[in-house]
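All remarks here apply to the structure that follows.
Chain letters run A, B, ... following the sequence lines, proteins first, then strands; residues in each count from 1. Keep in mind it's a predicted model, so treat the numbers as computed, not measured.
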Amino acid sequence: MNFVEELKWRGLLHDIIPGTEELLAKEKVKGYIGFDPTAESLHIGSMVQIILLMHLERHGHKPFALVGGATGMIGDPSGKAEERSMLSEEILQKNVNGVENQLRKFIDFDKGAELVNNYEWFKEFNLLSFLREVGKHISVSYMMAKDSVKKRLETGISFTEFSYQLIQGYDFYWLWKNKDVKLQLGGSDQWGNIVTGTELIRRIGGGEAYALTVPLVTKADGTKFGKTEQGNIWLDANLTSPYQFYQFWLNSSDEDAAKYIKIFTFLEKDIIERIIQEHLEQPHLRNLQKKVAEEITRLVHGEEELSGAQSATAVLFGQGTTEQLSQMNEHLFLQIFEGVTQFKFAASELENGLNILDLLAVNTQVFSSKGEARKMIQQQALSINKQKYIDPNGIIDSSALLNNKYLLLQKGKKQYFLLIAE
RNA sequence: GGGGAGAUAGCCAAGUGGCCAACGGCAACAGACUGUAAAUCUGUCCUCUUCGGAGUUCGAAGGUUCGAAUCCUUCUCUCCCCA
């Protein structure tokens, strides 16, 4: 199976420039994907692009990862309803470093693959030269016809964002000319920018370049992929703990999980088909979700963090009872709860008993206000040490502590908090 | 430069002197059901609250009025048409 066929059955092919498949069959191709340094860490949305590069490498080609030190200063209008605020150069530099370090975890840039930053070729490029060398080749009507621009004409787009496609287009040209990169990959929202690049290569360099895009990952219910009530799911373990990361995938719907296993794992076709089939027969086992969560957590965080996330999951969502929790030794206990949101409070507060609302909203920030805490308790959304707690005027004292030190709180079924009395 | 339309809670959107903390929908959170799924049903959804209430909102600032999201004035911004 070749690269393009692989992408097809995995549901990873959206658009492709004619001739791309032939080129890939004929020679070892250098292909690149750009990553925007909009934050210090990538999130799981970018994971698709990373996996795409990994597939490219597995099929014997040479992946290039471009970090947009220059493009990040401009702001891509693609898919954005309004003008973005610009990042300071200081933050940008931090983001570039963060993103580069993450990419290194997935692709070995010492063995053929390359990591580049487009700031390298833009920092010395002055405005007049750019206008003469690049701008002259692309007409305004061509640029305005792009979806990313067209959608913004009525609501407003600055000249800065308007020119974004030329900057990105030039990246492709530069890589084509200096590094022999003939292929650009990206999300489907990047199609317009990518095509501007191939156009520049044709007009300035008289050469041919190729591209393919992957579809945007969607959820069956139409809501945005990669977001939870806590916000983005990040690849950085400090921003999203491996436990939370594992839980995110485990919570996928059946329909989504069947899609994700093809996109986010490298499992073979027949294995995936078997897992999906088994899941159809015994959906309550959730083996499909477990497999997806397992594979991608291992890829992003490694074997050790994976097993930590799995043991925490087993305790929190298994048949665990209060007794089981209190019998656990402290070392294991803390290890399991490593990825769970934690709050510390003074043990002395509990000596004479503490009002439950104060504990939840004043001494800790499990809830943002006492009013909210009260409402949640009234809705029967709170559990302490795995038992429903329904009295909004209740008093908590030291006897509730596990190991004389801990309280395990649950907001709803899925959100856990560990309170530590010190 | 001339003419027109508009700005309401995270988003969409109704309201055009008191019954408005503001209809409805989406998103979100929680409960029931279940499989940590989907669908469905129920509750919450400006802030705080001793759950009785209290405080601050309808682009901004003033004004009229017993009373303004609603009327008047000025300003800011967005879109459309003409030049």
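Distance check on atom P: B/C72 versus B/A39 gives 47 Å, rounded to whole Å. Nucleotides B/A22 and B/A30, compared at atom C1', are 24 Å apart to the nearest Å. Nucleotides B/A61 and B/U44 are separated by 32 Å at their P atoms, to the nearest Å. Atom C1' of B/A7 sits at a distance of 15 Å from the matching atom of B/G15, rounded to the whole Å. The separation of B/C80 from B/U70, taken at their C1' atoms, amounts to 25 Å, rounded to a whole angstrom. Straight-line distance between the P atoms of B/A9 and B/G4: roughly 27 Å, to the nearest whole Å. B/G17 and B/C71: their P atoms are spaced 7 Å apart (whole Å). Between B/A21 and B/U47, the distance separating the two C1' atoms is 11 Å to the nearest Å.
Listed candidates were B/C51, B/A37, B/U49. Nearest to the side chain of A/S253 is B/A37.
With hydrogens and angles disregarded, no donor-acceptor distance shorter than 3.5 Å links the side chain of A/N117 to the backbone of A/E120.
The pair A/K259-A/E255 does not count as a salt bridge, with every side-chain nitrogen at least 4.0 angstrom from each carboxylate oxygen.
Residue contacts for A/Q378: at a heavy-atom cut-off of 4.0 Å it reaches no nucleic acid atom on any strand shown. Counting any heavy atom pair closer than 4.0 Å across all strands shown, A/G371 reaches a base atom.
Comparing A/E255 and A/Q289 along RNA chain B, the residue whose closest nucleotide (by nearest heavy atom) sits nearer the 5' end is A/Q289. Between A/Y246 and A/L357, it is A/Y246 whose nearest contact on RNA chain B lies nearer the 5' terminus.
For the pair A/Y416 OH and B/U36 C1', the computed distance is 9 Å after rounding to whole Å. One interatomic measurement links the two molecules: NZ of A/K375 to C1' of B/C48, which rounds to 9 Å at whole-angstrom precision. Rounding to whole angstrom units, NZ of residue A/K413 and C1' of B/U34 are separated by 7 Å. To the nearest angstrom, C1' of B/G35 lies 14 Å from CG of A/L280. As a whole-Å value, the separation of A/L250 CG from B/U34 C1' is 15 Å. Across the protein-nucleic acid pair, A/E372 atom CD and B/U47 atom P stand 9 Å apart, rounded to whole Å. For the pair A/M376 CE and B/U42 P, the interatomic distance rounds to 19 Å; values are reported in whole Å. Rounded to whole Å, the distance from NE2 on A/H284 to P on B/U36 is 10 Å.
Of the side-chain N and O atoms in A/K414, one or more sit less than 4.0 angstrom from OP1 or OP2 of B/A37. Contact annotation: A/K370 side-chain N/O to B/U50 OP1/OP2 distance is under 4.0 Å. Distances shorter than 4.0 Å separate some side-chain N or O of A/Q415 from OP1 or OP2 on B/A30. Regarding contacts with the backbone of B/A37, every side-chain N or O of A/R286 stays at 4.0 angstrom or more from both OP1 and OP2. The phosphate of B/U49 has OP1 or OP2 within less than 4.0 Å of a side-chain N or O from A/S369.
Contact annotation: side chain of A/Q247 to base of B/U36, donor-acceptor pair present below 3.5 Å. At a cut-off of 3.5 angstrom, counting only N and O atoms as typed in the model, there is no donor on one side facing an acceptor on the other between the side-chain of A/Q379 and the base of B/G31.
Nucleotide B/G59 carries an anti base; the chi torsion (O4'-C1'-N9-C4 or O4'-C1'-N1-C2) is more than 90° from 0.
A cation-pi arrangement is present between A/R203 and A/Y142, with the terminal nitrogen or guanidinium carbon under 6.0 Å from the aromatic centre and inside a 45° cone about the axis.
Residues A/I51 and A/F106 have side chains not in contact (no heavy-atom distance under 4.5 Å, counting atoms from C-beta outward).
The neighbour count for A/E304 CD, taken as heavy atoms of other residues, nucleotides or ligands under 6.0 Å away, does not exceed 12.
Classification of the A/F333-A/F337 ring pair by plane angle, with boundaries at 30° and 60°, yields tilted. Ring pair A/F317/A/Y416 is perpendicular by interplanar angle, where above 60° counts as perpendicular and below 30° as parallel.
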From CA spacing to verdict: side-chain hydrogen bond (donor to acceptor under 3.5 Å, both in side chains), A/T213, A/Q190: CA-CA 8 Å; A/T213 55; A/Q190 291 301 308; over 6 Å; no

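Separation of the A/Y170 and A/Y173 ring centroids falls under the 6.0 Å cut-off.
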Secondary structure string for RNA chain B (Watson-Crick or G-U under 3.5 angstrom, | for other-strand pairs): ((((((((.[[[..)..(.....]]].(((((.......))))).(((....)))...[[[[[..)....]]]]]))))))).

